[in-house]
Amino acid sequence: MELESGNQACSYIIQSQEEEIKRAALELHESINQNLYTLQTGLNFIESGIEQPELRNYAKEMSGLMERTIREVRLLSVELYPNTLSTLGLTAAVKSYAKLFTNTFGILIDVESQGGEKLLSDPESLAAFRVCQEALINIAKYADTDKAKIAFTWGEFSVKIEIKDTGKGFDTNEVMESGRSMGIAAMGERMRLVGGQCNLSSELDKGTTVSIVLPIQS
Amino acid sequence: MEPLKALILTECDRLKHGIPCDFVGVALQNRNNPDITWPYAIGNRNDKHKYITVRYGKGIAGKVISSGTPMEITDFPETILGKITDYPIMLAEKLVAAYSVPLVWNDLPKGALLIGYRHARKFDEQEKQNLREVAQHLESFLSSHFTDE
């Protein structure tokens, strides 16, 4: 009974956080950034009507800063919640994130997909996406490798996703016992909440594989 | 090797052996947008720096360029502000200490010169001054990066 209510609380906290993150991301993208874009268009219009060179240059600088800000806000919005998840699906969202990840950490990610992609519910695809994200961040932090692979295998009733690196690996028992495994536990919890499974295997000097299996609701 | 690359790498190599340190990197803003890359590195353990692109204001290089002031990290990740993933070059090269100064072109900070160590350490005034002098020398090469010269 106690365990069940603990799981429900955990599920509620994760869902509330995700909803709030999504709300903030959409607000940044659809409201704040649209306003900034309108302001930038106005600044460009004002700039074209200014005759004094100093003031004209100043308006141009302001317009450049506004352009940078629009880009920052757009990237922040995508970092918080990838809109492609609802529009183009999980594989496209992971591919897009993998590109951003390579640009950030210099680690090349090979994304492979076998079988026809099936439609997942929003919570399912978001959970799978967050696990991929967490696994990649762990690679950047600890694996000491310059490449990794994400493989999707779409079956009729489930999808399997493997995030594999050939980095330095670690002793799983030691990490679990040391209490430094909160990220790993969070990946497992996210999958459990949507009816999936998450397994991790690692071998010293050989690398780490995070494997998730998610049932597909017909 | 193209002339600019050869010139900058020669300076970086001289700096790496002169100090001595484990890693020397030069980050530069792109010509057409404010993004920053690490086109030149000496003492690198891998090629990750070639693929890293940091946004203006982000990462060590982005912060040094946007603020126009040097940045010092003495014991990564213990002494940093923010998350360890905010410092991709430190993670990529397994650096523990780094000092970076801006590279100025046309009166604007447009790049960063960084020296790094794979162990914790502090930087004294003499080392900081030496790095500023090398940075000034490197600045004289930047025209060919930012123009068609």
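Keep in mind that the numbers below use all heavy atoms, side chains included, and drop hydrogens, waters and symmetry copies. Just so it is clear: chains get the letters A, B, ... in the order the sequence lines come, proteins before strands, and each one is counted from 1.
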**Report entry** Exceeds 12 heavy-atom contacts within 6.0 angstrom, atom CZ of B:Phe141
**Finding:** yes
Query raised in the report: Any idea which heavy atoms bring A:Asp146 and B:Asn46 closest together, and the distance?
Result: OD2-CB, 4.4 Å
Query - B:Lys48 side, atom NZ; A:Thr145 side, atom OG1 - distance, nearest 0.5 Å - result: 6.5 Å
Query - Over 12 non-hydrogen atoms of neighbours within 6.0 angstrom of CD in A:Glu67 - result: no
Query raised in the report: More than 12 heavy atoms of other residues, nucleotides or ligands under 6.0 Å from NZ of B:Lys128: is that the case?
Result: yes
Report task. Measure B:Lys58 against the heavy atoms of chain A and call it side chain, backbone, both or neither at under 4.5 Å. Result -> side chain
Query - Interatomic spacing from CD1 in A:Ile109 to OH in B:Tyr51 - rounded to 0.5 Å - result: 12.0 Å
Query raised in the report: Is there a donor-acceptor pair closer than 3.5 Å between any side-chain N or O of A:Lys141 and the backbone N or O of B:Leu91?
Result: no
Query raised in the report: Does B:Arg55 pair with A:Glu79 as a salt bridge, N-O distance under 4.0 Å?
Result: yes
Query raised in the report: Within a radius of less than 6.0 Å around NZ of B:Lys16, do more than 12 heavy atoms belonging to other residues, nucleotides or ligands occur?
Result: yes
Query raised in the report: So which part of B:Asn33 gets closer than 4.5 Å to some heavy atom of chain A, the side chain, the backbone, both or neither?
Result: neither
Query raised in the report: Where is the tightest heavy-atom contact between B:Pro88 and A:Phe105, given as atom of each residue plus distance?
Result: CB-CD2, 4.2 Å
Report task. Drop me the distance from B:Asp47's CG to A:Ile107's CD1, to the nearest 0.5 angstrom. Result -> 13.0 Å
**Report entry** Residue B:Lys94 excluded, over 12 heavy atoms near NZ under 6.0 Å
**Finding:** yes
**Report entry** B:Gln129 atom CD: more than 12 heavy-atom contacts under 6.0 Å
**Finding:** yes
Query raised in the report: More than 12 foreign heavy atoms under 6.0 Å from CG of A:Leu204: is that the case here?
Result: yes
Query raised in the report: Can you find a pair of side-chain heavy atoms, one from A:Arg71 and one from B:Asp35, that are under 4.5 Å apart?
Result: yes
